[in-house]
Amino acid sequence: MISRIYIDIASIMELRLSVLSMLMGKDKAVEHCGSLDYAFREFDRFPVDMREYQRLLSQETADVIAGSVVTYMAISLLSKLDTLEKRNAFNQQPSRSEVIVNIYPYHLSEKQAEAFVRALFVKLNESTEVTLVRDPVETWSPAYMKMLNVYAFYGYKFGEWMQAHGNSLESVGRVETKMYFAALGEADPSKEEVALFKKLGFKDIFSYTEYVMTPRMELTFLSPLLYTNIVTATAYMENNKFKMERPLEEVAKEKDHGDLVKQG
């Protein structure tokens, strides 16, 4: 049996840095993406022409991937693969693991795809099979994930996935796959919404959404810090004695950390 973990290209690669480098120059983009404001941002809103940003981001060529770097999510994948192996061993289930990377909407040549997979092998584990797919979000329905035995799903945009599959959740039953998305908003919550979250005992829309979705799936929103350059994110966590169980918002509020180290 093959146990699979899915991750999209916007999660495993720092595409934001690549596109911002095109618009503001590499040095300024590196500085911006190495700041605390960026690491703990609430939205993907940058000091550039956002229409041009979205246009460049949605180009189907490999240029955006080529100009990006691996994010800390590679470390998260390693941890999840280890959990998966232990689970299978405990259940006495002979299994091998596969990481499915969805590169949509980008096109890679055969040589580019081979180089990309080799680079991920270095970050992950040589015993882990890495498969590239180019699927629109509509493909990855709960039923499709169940058929492929997907243990964990890492996506960048929760709203995009919900728009494609939210209406089907009631009919498919509880989603068995563990679902992870970046804690990034798409619109500013109204004052009334913020007041409601606090009244109900939730710190933000993400904790509220996790609670509301509990009957349908195990949903977890992850800090944008984890979707940044693997080198800078790791250094930041080590420099600040960061632990995964420590609330990220608590770290972000501290005043004496300065910016993240320069991107390598």
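Every value quoted in this text rests on a predicted model; they were computed, and no experiment measured them.
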Heavy atoms of other groups near Glu210 CD, more than 12 under 6.0 Å: yes
Cluster link Val137 to Leu57, ILVMFWY, side chain under 4.5 Å: no
Criterion side-chain contact (heavy atoms from CB on, under 4.5 Å) on Leu222 and Tyr154, from CA distance to verdict: CA-CA 10 Å; Leu222 303 175; Tyr154 290 91; 4.1 Å; yes
Donor-acceptor contact present, side-chain Asn149 to main-chain Ile2, <3.5 Å: yes
N/O donor-acceptor pair under 3.5 Å between Thr71 side chain and Ser11 backbone: yes
Glu52/Arg55 ion pair, N-O < 4.0 Å: yes
Close side-chain approach of Leu56 to Asp63, heavy-atom, < 4.5 Å: no
Cluster overlap Ile205 with Leu196, hydrophobic side-chain contacts below 4.5 Å: yes
Donor on one side chain, acceptor on other, Tyr156 and Asp44, under 3.5 Å: yes
CD1 on Ile65 to CD1 on Ile103, rounded to 0.5 Å: 5.5 Å
Separation between CD of Gln54 and CD of Gln59, rounded to the nearest 0.5 Å: 12.0 Å
Heavy-atom closest contact (His32 atom, Tyr38 atom, distance): O-CB, 3.2 Å
Whether Phe153 and Trp140 hold their rings parallel, tilted or perpendicular, with breakpoints at 30° and 60°: tilted
Joint hydrophobic cluster, Leu219 plus Met73, side-chain heavy atoms closer than 4.5 Å: no
Candidate pair Ser207 and Asp204, rule side chain to side chain donor-acceptor pair (under 3.5 Å), full reasoning: CA-CA 6 Å; Ser207 57; Asp204 54 33; 3.2 Å; yes
Separation between OG of Ser109 and CD of Glu114, rounded to the nearest 0.5 Å: 8.5 Å
Neighbour count >12 (heavy atoms, 6.0 Å) for atom CD, Gln163: no
Glu14 versus Thr228, closest heavy-atom pair with distance: OE2-CA, 3.6 Å
Any Ile12 side-chain heavy atom under 4.5 Å of Leu120 side chain: yes
Side chain proximity check, Phe46 to Arg16, heavy atoms < 4.5 angstrom: yes
Working for side-chain contact (heavy atoms from CB on, under 4.5 Å), residues Tyr72 and Leu225: CA-CA 8 Å; Tyr72 190 87; Leu225 174 65; over 6 Å; no
Heavy-atom side-chain proximity of Ile9 to Tyr104 below 4.5 angstrom: no
Within residues 187-199 or reaching into it, pairs that qualify as salt bridge (Lys or Arg N to Asp or Glu O under 4.0 Å) - sequence neighbours excluded: Arg45-Asp188
Of all pairs that satisfy side chain to side chain donor-acceptor pair (under 3.5 Å), the ones with a partner from residues 173-186, not counting sequence neighbours: Lys80-Tyr180, Lys178-Glu218
Nearest heavy atoms of Ser68 and Met13, plus distance in Å: OG-CE, 3.3 Å
Arg134 side chain to Pro105 backbone, donor-acceptor under 3.5 Å: yes
Linked, directly or transitively: Val117 and Ile230 (ILVMFWY side chains, under 4.5 Å): yes
Gap separating the OG1 atom of Thr131 from the CD atom of Glu98, nearest 0.5 angstrom: 3.5 Å
Thr83 side chain reached by Tyr151 side chain, heavy atoms, under 4.5 Å: yes
Parallel, tilted or perpendicular, as decided by the 30° and 60° cut-offs, for the rings of Tyr208 and Phe197: tilted
Aromatic plane relationship, Tyr211 with Phe202 - under 30° parallel, 30 to 60° tilted, over 60° perpendicular: tilted
Closest heavy-atom pair and its distance - Leu169, Trp161: CD2-CH2, 4.0 Å
Taking every non-hydrogen atom, the tightest pair across Ser18 and Val64: OG-O, 2.8 Å
Ser171 side chain to Ser168 backbone, donor-acceptor under 3.5 Å: yes
Phe158 and Phe181 aromatic ring geometry - parallel, tilted or perpendicular at 30°/60° bounds: perpendicular
side-chain contact (heavy atoms from CB on, under 4.5 Å) between Val99 and Leu81, worked out: CA-CA 9 Å; Val99 173; Leu81 285 166; 4.2 Å; yes
Note, Val130 side chain near Phe116 side chain (heavy atom, < 4.5 Å): no
Heavy-atom side-chain contact between Leu20 and Tyr53 under 4.5 Å: yes
Non-hydrogen atoms of Leu84 and Ser3 that approach each other most closely: CD2-CB, 3.5 Å
Rounded distance (nearest 0.5 Å) linking atom CD1 of Ile100 with atom CG of Leu132: 10.5 Å
pair Pro142-Arg216: side-chain heavy atoms closer than 4.5 Å: no
Electrostatic pair Arg41:Asp37 at N-O distance under 4.0 angstrom: no
Cluster check Val150, Ile7: I/L/V/M/F/W/Y, side chain < 4.5 angstrom: no
